[in-house]
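Have a look at the structure below, then the notes.
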Amino acid sequence: MKNRIFILFAIVALSACVPASQLRGTGDLGLVVERASGSVMLIDTSTRASYATVSGLGDLSHATAVYSRDGRYAYVFGRDGGLTKVDMLRARIAARTVQAGNSIGGAISQDGRVIAVANYTPGGVRLFDSATLAPLADIPATYGDGTQRSKVVGIAEAPGERFIFSLYDAGEIWIADCADPRHPVITRFRGVGRQPYDGLITPDGRWYIAGLFGEDGLVLLDLWHPERGVRRILDHYGRGEQRLPVYKMPHLRGWAVAGRLAVLPAVGHHEVLIVDTETWNEAGRIAVHGQPVFAIAQPGGRRVWVNFAFPDNDTVQVIDLPSRSIVHTLKPGRAVLHMEFTPRGEQVWISSRDDNVVRVYDPASFREIAQLKADHPSGILLSARAFATGF
Amino acid sequence: MPARAILSLFICSLSLAVEAAAPAAARRAQLVHMVREDCGSCHGMTLMGGLGPPLVPAALAGKPADSLEAVILDGRPGTPMPPWRRFMSEQEARWIVDSLKKGFPSEK
């Protein structure tokens with residue numbers, strides 16, 4: 001009898017903590033960066049609606065996020081060096097630190113224990129404990145005579161508790177082995193090319209590619225064989241053509257792969273580049289509407305969705321890779337900044353900064369299936385990133 | 001005393017005349033939006049810098065307005081700074097320079 005009462009009491013107490021009706025997973029959640037107001041709108045891709053807004057994240061004029069390995073927490077990297085851990089279920093800030101003056105992005109380690117932030121000012125990478133955001137190590141991106149510090153771009157997580165990133169001013173790629181996150185071990189690749197502006201790692205974690213702004217070409221590093229050094233790919237892809245002005249830097253994060261083909265934005269040319277990932281030779285180019293910013297693969301890999309830099313940023317084009325043709329053009333609103341697919345590809349979320357709207361499309365029919373108001377939305381980052389290599 | 005007031009008024013209007021004529025309100029709003037949002041993709045929405053250098057008054061102090069105007073209109077070779085001549089007049093570029101040097105207005 002005593003036992004029964006105790007059990008009953010325990011059940012009541014437990015359910016008071018977490019009402020059964022509110023128990024839920026995080027696999028269908030995500031966030032939308034509201035860049036002007038320093039907040040993130042939390043979204044649910046099952047209901048295709050927002051369920052909360054979390055404010056107080058500082059300057060999010062350029063921001064991105066990665067997720068804890070259980071999808072519970074988002075780590076949001078703000079422009080002003082703010083690193084904020086957002087509890088996706090309680091819809092509130094769990095921890096926050098301002099770790100630098102100006103930062104560009106970050107990644108979470110393979111084991112989920114370390115957050116790495118890439119900074120412009122002071123140039124370098126800083127490592128933090130993902131549980132508490134306590135600092136673990138500082139990696140200054142020094143070059144030249146050792147007093148200069150480079151802006152860091154294109155940071156990616158690599159298998160083996162490593163982070164890989166590029167030094168914009170120095171023209172270098174560094175691998176930081178963070179098996180002991182208080183004492184990271186750096187491998188430097190010098191003289192890789194002029195002004196690497198962003199980087200990506202392939203979904204299998206093997207290849208790191210840095211895009212160059214100062215030269216027509218990209219840099220490839222095989223993480224299975226880093227001792228072989230870097231190699232130039234798609235070298236001089238725009239040779240002999242007039243280079244067009246670039247009003248927004250392309251982003252390489254949305255690695256688009258269909259079979260052995262990958263699609264990358266060209267720089268200063270209104271086209272996307274197709275590369276054969278077996279040989280790393282150019283396999284073609286497709287003329288598009290403007291300077292591409294993101295080229296994102298629709299899950300399944302048959303189609304690639306592309307958005308564009310100012311002043312062509314009201315348009316999204318959909319490329320069919322087998323036929324290398326543009327099969328659809330959308331006008332989702334003014335200043336389209338980002339696109340994100342749900343992991344199985346039945347929805348694509350697209351943000352329109354100047355129309356203060358996020359639109360959700362059915363990629364099969366191109367029909368709009370939902371519309372959410374948002375304050376100057378930019379990045380849309382779903383919790384499925386928790387389970388992917390590179391983020 | 002009135003003479004002094006008139007003199008200082010005169011000096012004020014002189015220094016105003018040196019600055020570019022401000023564009024009309026609607027156009028000004030467009031330019032503010034362009035600087036904050038589109039220039040902001042490299043220089044930061046707060047203009048504290050990003051891949052591009054900061055454009056706040058302290059960072060621009062001592063830099064001649066003419067050369068800043070030329071950079072806006074024609075870009076800066078060897079860097080990602082593109083030419084913006086397609087999108088604004090010389091007067092508007094000068095107004096942006098003057099406004100940046102004073103502390104750029106926010107979007108309403």
Side-chain angles (χ1 to χ4, degrees), chain A residues 33-38 58-63 78-81 100-105 118-121 123 150-154 168-169 194-198 211-215 243-251 267-268 291 293 309-313 334-335 337 353-354 375-376 378, chain B residues 23 26-60 68-90 92-93 96 99-100 103-108:
Chain A
V33 173
E34 295 184 303
R35 67 197 297 268
S37 55
D59 175 5
L60 298 184
S61 59
H62 185 287
R79 164 60 85 204
D80 57 359
N102 196 322
S103 63
I104 183 65
N119 293 318
Y120 282 168
T121 319
S150 172
K151 297 183 181 87
V152 172
V153 298
Y168 174 79
D169 306 289
R194 289 191 56 229
Q195 296 165 327
Y197 66 88
D198 198 8
L212 299 175
F213 187 85
E215 297 171 54
R243 204 173 151 134
L244 301 166
V246 177
Y247 293 100
K248 183 182 169 72
M249 281 288 183
H251 286 57
V267 181
Q291 167 65 53
V293 174
F310 174 89
D312 301 309
N313 52 4
R334 292 175 297 157
L337 293 189
R353 181 194 69 201
D354 289 355
D375 186 5
H376 293 77
S378 59
Chain B
R27 177 60 182 157
R28 211 158 57 223
Q30 286 177 347
L31 292 172
V32 169
H33 181 78
M34 192 190 292
V35 170
R36 290 272 171 201
E37 301 290 347
D38 296 309
C39 305
S41 58
C42 278
H43 297 281
M45 202 168 59
T46 59
L47 306 174
M48 293 294 286
L51 202 62
L55 302 178
V56 292
L60 299 180
L68 293 174
E69 183 190 323
V71 167
I72 292 176
L73 291 171
D74 299 318
R76 210 168 152 220
T79 78
M81 178 67 181
W84 292 81
R85 195 179 278 283
R86 235 180 100 188
F87 307 105
M88 65 184 72
S89 69
E90 293 182 0
E92 288 168 346
I96 289 172
S99 306
L100 287 170
F104 203 75
S106 295
E107 285 193 74
K108 295 289 179 304

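Per chain, numbering begins at 1; letters A, B, ... match sequence-line order. All values reported here derive from a predicted model rather than from experimental measurement.
Between the side chains of A/Asn313 and A/Arg334, not a single donor N or O lies within less than 3.5 Å of an accepting N or O.
For B/Phe87, the ring-ring contact (aromatic ring centres under 6.0 Å, His included) criterion is met by A/Tyr247, A/Phe310, B/Trp84, not counting sequence neighbours. With sequence neighbours left out, the ring-ring contact (aromatic ring centres under 6.0 Å, His included) criterion links B/His43 to no other residue.
Chosen from B/Arg36, B/Glu37, B/Met34, the residue pairing most often with chain A at heavy-atom distances under 4.5 Å is B/Glu37. Counting heavy-atom pairs closer than 4.5 Å to chain A, the top-ranked of the candidates B/Thr79, B/Asp38, B/Leu51, B/Thr46 is B/Leu51. Top candidate by heavy-atom pairs under 4.5 Å with chain A, chosen from B/Cys39, B/Cys42, B/Gly49, B/Gly40, is B/Gly49. Among the candidates A/Gly268, A/Pro245, A/Ser61, A/Ala309, the residue making the largest number of heavy-atom pairs closer than 4.5 Å to chain B is A/Ser61.
For A/Asp169, no part lies under 4.5 angstrom from a heavy atom of chain B. With a threshold of 4.5 angstrom between heavy atoms, A/Val267 does not approach chain B through any atom at all. Residue A/Asp80: no heavy atom, backbone or side chain, is found under 4.5 Å from chain B. The part of A/Arg194 that comes within reach of chain B is its side chain, from C-beta onward, which places non-hydrogen atoms under 4.5 angstrom from that chain.
Within a 6.0 Å sphere centred on CE of B/Met48, heavy atoms belonging to other residues, nucleotides or ligands number 12 at most. Annotation: A/Arg243, atom CZ; neighbour count of heavy atoms from other residues, nucleotides and ligands within 6.0 Å is above 12.
Salt-bridge annotation for B/Glu90 and B/Arg85: present, with a side-chain N of the basic residue lying under 4.0 Å from a carboxylate O of the acidic one.
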